[in-house]
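Residue numbers start from 1 in every chain, and the chains themselves are labelled A, B, ... in the order their sequence lines are given, proteins ahead of strands.
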Amino acid sequence: MNKEITLRLSGDIEKCVPAGTPFFEVVKMLGQSKDTVGVLVNGLEKDLSAMAEEDAKLELLTVDSPEGLEIYRHTSAHVMAQAVKEIFPSTKITIGPVIKDGFYYDYDFERPFTPEDLVLIEKKMKEIIKRRLPISRIELTKEEAIALFKKRDEPYKVELIEDGLTEPITAYQQGDFIDLCRGPHLPSTGKLKAIKLLSTGGAYWRGDEKNKMLQRIYGTSFSSHLALDAHLKKLEEIKKRDHRRLGKDLDLFSTSDQIGAGLILWHPKGAIMRKVIEDFWRDEHLKADYDFVATPHMAKRELWEQSGHLSFYKENMYEGIDVDGIPYQIKPMNCPFHIMIYKSKLRSYRDLPLRWSELGTVYRYERSGALHGLMRVRGFTQDDAHIFCCPDQIEPEILKVLDFTTHVLGTFGFKDYEIYLSTRPEKYVGSLDRWQQATAALESALKQKGIAYEIDPGEGVFYGPKIDMKIKDSLGRSWQCTTIQVDFNLPERFGMTYRGDDGKAHQPIMIHRALLGSIERFFGVLIEHYAGAFPTWLAPVQTKVIPITEHHQEYANLLQKKLRDVGIRSEVDHRNEKMGLKIREAQLQKIPYMLIVGDKEIAEQSVSVRQRSGVNTTVPLDLCITQIKEEIALKRAV
RNA sequence: GCCCUUGUAGCUCAGUCGGUAGAGCACAUCCUUGGUAAGGAUGAGGUCACCGGUUCAAAUCCGGUCAAGGGCUCCA
């Protein structure tokens with residue numbers, strides 16, 4: 001007779017069961033067997049088939065919880081692997097983890113999987129689900145595990161085990177399929193409901209490009225077809241918002257084979273938006289007590305040696321410019337130039353902090369496969385600034401930057417952030433003292449702001465700790481834009497000093513910061529965030545004047561002039577086309593206001609306003625202009 | 001960089017077995033003068049990404065280059 005043990009559940013519920021009772025029995029007693037996919041025993045994930053051995057805190061994991069969904073998807077990945085093995089028995093299985101929004105599994109197979117293969121595999125998966133195969137956990141010693149996977153001719157699994165897995169090694173079996181896996185898993189393949197294979201791609205074994213290229217299949221699964229459909233719909237929406245697509249449709253930017261990969265051509269409509277962004281940026285920097293500097297696009301190789309870029313950033317730098325026999329290189333960063341300005345004269349502690357900003361265009365080598373629209377390019381403009389200060393100014397300056405950042409990003413419509421504090425990495429320069437001081441200053445600033453943040457241990461730059469901010473867009477995706485980095489290294493390397501109140505030379509601290517990151521990338525994020533339907537203050541064409549017939553052109557021109565006189569960007573559609581077509585095209589161009597004028601409007605000096613939303617009103621001409629003007633002045637979001 | 005896919009008119013894309021290039025949209029001209037998401041006709045527009053090879057003949061087959069797209073981070 002087993003002794004009774006007590007399982008404590010949430011809400012002070014206690015359940016006593018004999019030791020050795022499997023959790024699925026416990027779950028059944030609790031009447032929760034339908035939705036439960038696993039359990040947390042004292043915070044550790046366990047299979048439903050595991051036994052309750054001793055007194056413990058018990059939590060039930062449903063597929064609606066993040067952990068439960070992980071279990072569900074991990075089993076989905078196993079079912080996919082089983083399906084692949086059944087269709088293509090020569091395939092070797094490798095690893096198949098759960099990722100955000102789904103799962104993947106990497107296979108060693110003689111050729112890439114085709115979309116037709118995916119259809120077959122998905123069909124087979126559904127069949128395996130229908131078989132309702134029980135999934136069982138097997139515990140093995142290292143030798144047993146190696147023997148098992150050698151016998152099954154799965155060399156990748158053997159390698160993983162030999163590479164230092166600790167006993168007990170666990171595997172999961174469903175039907176004839178056995179996979180090395182930590183688990184936990186669903187009790188049966190029959191528990192899976194909505195599953196979809198999405199795409200294929202190459203992936204290196206263990207993520208190392210020196211290793212063999214494997215064939216990866218991505219998929220996702222949900223506990224209901226409704227949830228799956230909603231997810232697929234979101235993927236569609238993401239595709240529709242693709243900034244490369246919209247960039248072309250809205251005539252904002254392009255690239256050209258003849259110019260080169262990763263180099264952006266800004267068309268008039270993109271460039272006017274860029275001007276608006278940059279004007280706003282400059283105005284706000286002036287208000288925030290920054291000064292502007294401007295620096296060249298290249299410098300002698302020697303400068304980059306002194307800055308250390310040629311030792312730690314060489315692979316991202318372009319070289320090969322020869323000026324009268326002296327080697328020059330295009331700049332990948334602006335900092336050395338700002339330092340040279342600092343060093344152009346003696347600085348006093350009374351001068352600090354110095355805040356110097358520049359929209360500085362830099363060029364960095366990116367691997368051809370990494371290039372992506374505006375998000376990853378080889379030439380871009382950083383909204384850069386360097387703050388030179390003494391050590392005890394770090395914290396107030398960081399506070400100021402944080403306030404400034406939320407103000408600037410907020411104006412663009414980004415109100416949600418994820419914030420990371422990255423601390424000292426293994427390879428670093430500078431004294432531990434300084435690291436501690438700077439890290440404490442960053443942390444204290446974040447705490448004072450009451451901002452929630454996560455610590456990214458060891459992810460700081462070698463020259464100092466940093467704060468990274470990711471903005472969340474309208475689809476909930478996050479984008480890294482803002483970075484605020486403390487630097488002890490460059491002031492040291494360049495022998496920067498200021499005269500302190502003691503009359504002695506001291507070394508300033510340098511804070512690098514970019515709020516938008518790069519104008520190109522930020523622009524790409526803006527496009528996707530708004531799906532091209534920009535707030536009026538940003539829209540390249542703010543108003544489209546649409547005369548109904550040729551007879552109304554004069555009035556249309558007058559209206560356009562009035563709009564332009566108060567700084568509203570306006571175009572007139574003079575074409576000999578019907579109004580319906582003109583509206584359609586203005587709508588597709590996502591122009592905020594269509595101003596339609598005909599006989600009626602001329603008679604009463606009014607304008608028929610069709611908003612992008614489809615709302616129609618007729619208002620007196622002057623009122624219409626004032627209202628739009630006000631909306632732009634307030635940078636109102638739509 | 002590596003693996004896979006793609007590259008045909010300004011855009012989106014057809015083009016079969018290798019036989020010498022097509023549509024819609026956009027553009028131009030004309031007709032139409034209109035009331036809130038596509039009026040009609042006619043016309044112009046191509047070194048089929050580039051280089052080389054096979055062939056009587058290449059957009060099509062082969063090799064290379066360039067560019068674009070997906071993947072290469074979230075470890076059994």
Consider the side chain of A/Ile583, meaning its heavy atoms from C-beta on, and name the nucleotide among B/G39, B/A37, B/G35 that approaches it most closely.
B/A37
Span that lies between the P atom of B/A68 and that of B/C30, in whole angstrom
41 Å
Select one nucleotide: of B/U33, B/A37, B/U36, the one nearest the side-chain heavy atoms of A/Met579.
B/U36
What is the distance, rounded to the nearest whole Å, between atom CG of A/Leu214 and atom C1' of B/C2?
12 Å
By the Watson-Crick or G-U definition, both distances under 3.5 Å, B/G19 is matched with B/C56
How many whole angstroms separate atom CG of A/Asp208 from atom P of B/C72?
15 Å
Expressed in whole Å, how much space separates the P atoms belonging to B/U33 and B/G39?
15 Å
Provide the Watson-Crick or G-U wobble partner of B/G63, both distances under 3.5 Å; none if there is no partner.
B/C51
Is there a Watson-Crick or G-U wobble partner for B/U36 with both distances under 3.5 Å, and which nucleotide is it?
none
Distance, P atom - from B/U12 to B/C4, rounded to whole angstrom
26 Å
Side-chain N or O of A/Arg216 closer than 4.0 Å to phosphate OP1/OP2 of B/C72:
yes
Heavy-atom nearest nucleotide on RNA chain B for A/Glu209 versus A/Glu577: which residue maps closer to 5'?
A/Glu209
Which residue lies more 5' along RNA chain B, comparing A/Leu588 with A/His78 via nearest heavy atoms
A/Leu588
With sugar-phosphate meaning primed atoms plus P, OP1 and OP2, does A/Ile95 contact a base, only sugar-phosphate, or nothing at under 4.0 Å between heavy atoms?
sugar-phosphate
What is the distance, rounded to the nearest whole Å, between atom CG of A/Asp242 and atom P of B/G70?
7 Å
For B/U73, does OP1 or OP2 lie under 4.0 Å from any side-chain N or O of A/Tyr104?
no
Pick base, sugar-phosphate or nothing for A/Asp249, based on heavy-atom distances below 4.0 Å to the nucleic acid.
nothing
Heavy atoms under 4.0 Å, any strand shown: does A/Gly598 hit a base, just sugar-phosphate, or nothing?
base
On a whole-Å scale, what distance lies between the C1' atoms belonging to B/U6 and B/C48?
14 Å
If you define the side chain from C-beta out and look only at heavy atoms, does anything of A/Phe222 sit under 4.5 Å from A/Val63?
no
Using the C1' atom as the point on both nucleotides, what is the distance between B/G18 and B/A58, in whole Å?
6 Å
What nucleic acid atoms does A/Ala586 come within less than 4.0 Å of, heavy atoms only: base, sugar-phosphate, or nothing?
nothing
Side-chain contact test, heavy atoms from C-beta onward, threshold under 4.5 Å: evaluate it for A/Met375 versus A/Glu528 and give yes or no.
yes
Looking at every strand, decide which applies to A/Ser199 at a 4.0 Å heavy-atom threshold: base, sugar-phosphate, or nothing.
nothing
Does some side-chain heavy atom of A/Val377 sit less than 4.5 Å from a side-chain heavy atom of A/Leu263?
no
I want to check one thing: is the phosphate of B/C74, taken as OP1 and OP2, less than 4.0 Å away from some side-chain N or O of A/Arg206?
no
So, is A/Ser368 close to the B/G1 phosphate, meaning a side-chain N or O under 4.0 Å from OP1 or OP2?
yes
Sole residue of A/Arg244, A/Lys240, A/Arg245 in salt bridge (Lys or Arg N to Asp or Glu O under 4.0 Å) with A/Asp242
A/Arg244
Distance, rounded to the nearest Å, where A/Ile99 contributes CD1 and B/U73 contributes P:
12 Å
Sugar-phosphate, base or nothing in reach of A/Phe103, heavy atoms under 4.0 Å
nothing
Could you tell me whether A/Tyr156 contacts a base, only the sugar-phosphate backbone, or nothing, with contacts defined as non-hydrogen atoms closer than 4.0 Å?
nothing
Return yes if a side-chain donor-acceptor contact under 3.5 Å exists between A/His552 and A/Thr549, otherwise no.
yes
How far does the P atom of B/G7 sit from the matching atom of B/C25, given to the nearest Å?
24 Å
Heavy atoms under 4.0 Å, any strand shown: does A/Ile548 hit a base, just sugar-phosphate, or nothing?
base
Measure distances between side-chain N and O atoms of A/Tyr204 and base N and O atoms of B/C3, and say whether any donor-acceptor pair falls under 3.5 Å.
no
Starting from P on B/C66, measure out to CZ on A/Arg378 and report it in whole angstrom.
11 Å
With side chains defined as the heavy atoms from C-beta onward, is the minimum distance between A/Glu631 and A/Gln542 less than 4.5 Å?
no
Which nucleotide in B/C72, B/A68, B/A38 has an atom nearest any side-chain atom of A/Leu581
B/A38
Report which part of the nucleic acid A/Lys157 touches: base, sugar-phosphate, or nothing (heavy-atom distance under 4.0 Å, all strands).
sugar-phosphate
To the nearest Å, how far apart are A/Gln587 CD and B/U36 C1'?
10 Å
Parallel, tilted or perpendicular, judged at 30° and 60°: which one describes the rings of A/Phe177 and A/His78?
perpendicular
Taking the side chain of A/Lys600 as heavy atoms from C-beta outward, which of B/G1, B/A67, B/G35 is closest to it?
B/G35
Phosphate-side-chain proximity, A/His552 and B/G35, N/O vs OP1/OP2 below 4.0 Å:
no
Atom C1', compared across B/A59 and B/A21: separation rounded to whole Å
9 Å
Heavy atoms from C-beta onward define the side chain here; which of B/C27, B/C4, B/G70 lies closest to that of A/Pro112?
B/C4
Do A/Glu418 and A/Tyr420 have side-chain N/O donor and acceptor atoms under 3.5 Å apart?
yes
Separation between CD1 (A/Ile419) and NZ (A/Lys470), nearest 0.5 Å, reads 12.0 Å
Select base, sugar-phosphate, or nothing to describe what A/Lys582 touches, counting heavy atoms under 4.0 Å on all strands.
nothing
Whole-Å P distance, B/G1 and B/A57
35 Å
Identify whether any heavy atom of A/Arg111 sits under 4.0 Å from a base atom; if not, whether one sits that close to sugar-phosphate; answer base, sugar-phosphate or nothing.
nothing
Looking at A/Arg367, I'd like to know whether one of its side-chain N or O atoms comes within less than 4.0 Å of OP1 or OP2 on B/C2.
no
note: A/Tyr107, atom OH; B/G71, atom C1'; distance rounded to Å ~ 15 Å
Given B/G70, B/C3, B/G35, identify the nucleotide with an atom nearest to the side chain of A/Asp599.
B/G35
Figure out the CE/P separation between A/Met375 and B/A68, and round it to whole Å.
16 Å
Salt bridge (Lys or Arg N to Asp or Glu O under 4.0 Å), paired with A/Asp108, selected from A/Lys92, A/Lys212, A/Arg216, A/Lys85
A/Lys212
Let's see if you can work this out: which of B/G70, B/G34, B/A26 has an atom nearest to the side-chain heavy atoms of A/Arg244?
B/G70
Quick check on B/U12: is either OP1 or OP2 less than 4.0 Å from any side-chain nitrogen or oxygen of A/Lys248?
yes
May I ask you to say what A/Ile161 touches in the nucleic acid, namely base, sugar-phosphate or nothing, with a heavy-atom cut-off under 4.0 Å?
nothing
Strand partner of B/G1, provided both Watson-Crick or wobble distances fall under 3.5 Å:
B/C72
Return yes if the base of B/G35 and the side-chain atoms of A/Glu601 contain a donor-acceptor N/O pair under 3.5 Å, otherwise no.
yes
Using a cut-off of 4.0 Å on non-hydrogen atoms, how would the nucleic acid contact of A/Gly369 be classed: base, sugar-phosphate, or nothing?
base
Counting Watson-Crick and G-U wobble pairs only, both distances under 3.5 Å, name the nucleotide matched with B/G24, or none.
B/C11
